[in-house]
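Here's the structure we're looking at; comments come further down.
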Amino acid sequence: MNILEQIQAGVVQAVQHLYGTQIEADSITLNTTRKEFEGDYTVVVFPYTKVARKKPEQIGEEIGHFLVEKLAHVTHFNVIKGFLNLTVSDTYWHQFLLDIYSDEQYGQQPSNSEKVMVEFSSPNTNKPLHLGHIRNILLGWSSAKILAAAGYEVVKVQIVNDRGIAICKSMLAWEKYGEGATPQSTQTKSDHFVGSFYVLFEQKFQEEYTKWQASSEGVAAFAKRKDEKQDQAAFFKAYKNTYFNAESALGKEAKAMLRNWEDGDPETVALWKKMNQWVYHGFDATYENLGVTFDKLYYESNTYLLGKDLIQTGLQSGQFYQKDDGSVWIDLEDVKLDHKLVLRSDGTSVYMTQDIGTAQLRYDDFKVDRMVYVVADEQDYHFKVLFEIMKRLGAPYANDMHHLSYGMVDLPTGKMKSREGTVVDADDLMAEVIQEAKTMAAERGNLAELSESERNKIHQQVGLAALKFFIIKVQPRKRMTFDPKESVDMQGQTGPYVQNAYVRIQSVLRKAGTMDLEPAVKYQTLETAEKDLIAMLFVFPEIIRVAAAELDPSNVANYCFDLAKAYHRFYHDYSILRAESDAAKSFRLALSTSVAHVLRFGMDLLGIEMPDQM
RNA sequence: GGCUCCGUAGCUCAACUGGAUAGAGCACUUGACUACGGAUCAAGAGGUUUAAGGUUCGAAUCCUUACGGAGUCACCA
């Protein structure tokens, strides 16, 4: 039993013994003591006033005495109002550090024999990745790492949205206006090359639409609008989709291309393959730069027809119903999710159909116990419905499907809009933060001795640390504002700040040479700063557990920052290599080593590498 | 309009899930290098937690109701 469990068990005993009432260990409010009071942990005793029929102060005194007497490692206590502050013995913390300091994987929990699949990234293949994808990828990657640290076996997948009208737009534009150009011939990163044709299509389409608005058909359409109050600009904005589907020449061509693709027309399929390959090459480079990998890729072109058999099964079992036109629906009104279409009247799939089929396919492939979908919060409703449907279909994993829903990323100037060209490109962004790291490093000149490739590696590690930490420190649920200027900051609450704590430790350890731990055993009285650091190391496994349970990597990011901050302060206030005794020196080296392990392991969970120098 | 999420210092974010005087960073002011790495540390200032009620010994947190912002309510994905 660790110290927290001991205290909890002690309080249960105390309440039983003193007041004759059985309480649950989980119900005890046990916090770390606020720094303005003396003690390590605080038990809130207000809840026991009813069973004890005494004042909170008195209850605190009674339980405090009980714990000090019964628990070897609780040395003394004080009571303020209803708060019982307990002090844990130095020997407990001392021993705890000696137990963990050599464990580089401290925090890693043993296997829980459960398998979880994490789906993230899942881009469309018509244009390059942008800032929104970066948030998605970082959340997915770090959640996967955290789940693995919490004892799960993890399978990382994505569903590549490689078909549909979007890629056809890029294909059509390339065919019409590309004149045979290739990424090689234009010296362009290949996914950007394809994206440029998507933009070109939108431009051409907009030109066509603008022209049409002034034509007699356009004027007539505006005149027939339903809402009299709607002005011209608003109307044509709202009408754009209808125009694309019903009137546009370009729209007709794009849709024809999509039909050709679905019919397996060899030329169209060949073009589709060629352009997707370009995109994949580009994506691969971006993923490699970001340091993420996947265990398996699912392609929508292979899965978009799945799910129909499950719809049939559900229809037979009465979970679904069919309308006269042949379309199939599910009634989810009892859980306030309305009626939802699962199969069109012409028998073709909708998005939901595919997701039902894909979930089953994945289960068949991997036999996972849980599934996590990292998808933006605009799809909250979709996933509620999907999970409910899987439950009703009796999927064995249905109760452990989770939507890691995250808020959109805004810029200081407002929303990102691809049509208005305000999207922050992923590759550009990474290049920018790395360049900034390079500039900062050059100013400091700490890396002058290294080779250029070694320096570049460190610039990459530092720049990406700034970017990744900046994004991951925010709770996923919350919409976040991304200020490019702040994202390259390297001081204060940032990735490089945490790296710097690690780098300082490495520097000290290098200078210390081989470590002799014998004297550390004799180090008796701990400084408060030392005890605080050990207590922080102590909670690390719990941080991982909570982050995994909540699917919230920001817990780990904020923990790493807090630990780095506590260490920077300790480092400033106490001498390590010139400590007052061999015992102190040796103990502080062990403490520093352990802090370094945890910082490295913790940051690795966020996909952030730690350099030895910076 | 229905439903869901969000609203905390000038700005970006925390707050151990109902606990003590709401904490960090940035920016601003000031101080600390003959020092184990100053990408650091310390100090100052900055708050009616959008507002009003309610529950509770105790509320940023839970419940109403406003207000503000976002998302969604497609035989799109």
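Letters A, B, ... are given to chains in the order of the sequence lines, protein chains preceding strands, and every chain is numbered from 1.
When heavy atoms are screened at a 4.0 angstrom cut-off, V503(A) is found touching base atoms of the nucleic acid. Heavy atoms of S575(A) sit under 4.0 angstrom from at least one base atom. Across all strands shown, E542(A) has no heavy atoms under 4.0 Å from either base or sugar-phosphate atoms. Note on Y559(A): nothing from the nucleic acid sits closer than 4.0 angstrom, heavy atoms only. Heavy atoms of R477(A) sit under 4.0 angstrom from primed sugar atoms or phosphate atoms, though from no base atom. Using a 4.0 Å heavy-atom distance criterion, V539(A) is classed as making no nucleic acid contact. Q499(A) comes within 4.0 angstrom of no nucleic acid atom, judged by non-hydrogen atoms across all strands.
For P47(A), the side-chain contact (heavy atoms from CB on, under 4.5 Å) partners at least two apart in sequence or on another chain are V44(A). Taking the salt bridge (Lys or Arg N to Asp or Glu O under 4.0 Å) definition, one finds that R477(A) meets it with nothing, sequence neighbours left out. Checked against side-chain contact (heavy atoms from CB on, under 4.5 Å), D562(A) has the following partners two or more places apart in sequence or in another chain: M536(A). Every side-chain contact (heavy atoms from CB on, under 4.5 Å) that V375(A) has, sequence neighbours left out, goes to E119(A), Y373(A), Q379(A), F383(A), H403(A). Applying the side-chain contact (heavy atoms from CB on, under 4.5 Å) criterion to H572(A), with sequence neighbours excluded, gives no partner residue.
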Collect all protein-nucleotide pairs involving nucleotides 43-46 of chain B in which both atoms are nitrogen or oxygen and the distance is under 3.5 Å.
none

Short N/O separations, protein against nucleotides 69-73 of chain B, under 3.5 angstrom:
residue	atom	partner	partner atom	Å
A70(B)	O2'	R479(A)	NH1	2.7
G71(B)	OP1	K415(A)	NZ	2.4

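Annotation: G18(B) and A59(B) have their C1' atoms spaced 7 Å apart (nearest Å). Using atom P as the reference point in both U8(B) and G69(B), the two lie 14 Å apart (nearest Å). A77(B) and A15(B) have their P atoms separated by 38 Å, given to the nearest Å. Separation of the C1' atoms belonging to C16(B) and U4(B) is 27 Å when rounded to the nearest angstrom. Taking atom C1' on both nucleotides, A22(B) is separated from U61(B) by 11 Å, rounded to a whole Å. Nucleotides C6(B) and U64(B) are separated by 14 Å at their P atoms, to the nearest Å. Separating the P atom of A14(B) from that of A32(B) is a span of 35 Å, rounded to the nearest Å.
One finds a salt bridge joining R163(A) and E262(A) here, because a Lys/Arg side-chain nitrogen approaches an Asp/Glu carboxylate oxygen to under 4.0 Å. One finds no salt bridge joining E57(A) and K55(A) here, because no Lys/Arg side-chain nitrogen approaches an Asp/Glu carboxylate oxygen to under 4.0 Å.
Listed by first then second residue, pairs satisfying salt bridge (charged side-chain N to carboxylate O under 4.0 Å, His left out) with a partner in residues 568-596 of chain A read E530(A)-R588(A), E580(A)-R588(A), not counting sequence neighbours. Within the structure, side chain to side chain donor-acceptor pair (under 3.5 Å) contacts touching residues 43-54 of chain A (residues at least two apart or in different chains) are K54(A)-E62(A). Contacts classified as salt bridge (charged side-chain N to carboxylate O under 4.0 Å, His left out) and involving residues 454-470 of chain A (residues at least two apart or in different chains) are given here: K457(A)-E609(A).
Atom CZ of R600(A) has 12 or fewer heavy atoms from other residues, nucleotides or ligands within 6.0 Å. Counting heavy-atom neighbours within 6.0 Å of E24(A) CD, excluding the residue itself, gives a total of 12 or less.
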Bracket notation of RNA chain B in which parentheses pair within the strand, [ ] cross earlier pairs, and | pairs with another strand (Watson-Crick or G-U, under 3.5 Å): (((((((..((((.....[...)))).(((((.......))))).....(((((..]....))))))))))))....

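Place Y351(A) and S554(A) on RNA chain B by their nearest nucleotides, and S554(A) ends up nearer the 5' end.
Across M490(A) and V433(A), no two heavy atoms sit closer than the pair CE-O, 4.1 Å.
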Give the B/S/- string for nucleotides 19-26 of chain B, one per nucleotide from 5' to 3', where a protein heavy atom under 4.0 Å of the base yields B, of only the sugar-phosphate yields S, and otherwise -. BBS-SBSS

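Between the side chains of N78(A) and N85(A), a donor-acceptor pair is found at a separation under 3.5 Å. Residues N126(A) and S170(A) have side chains that never bring a donor and an acceptor to within less than 3.5 angstrom of each other.
Minimum atom distance to the side chain of Y571(A) is reached by C36(B), of the listed C36(B), A39(B), U40(B). The side chain of K478(A) has G7(B) as its nearest neighbour among C76(B), C13(B), G7(B).
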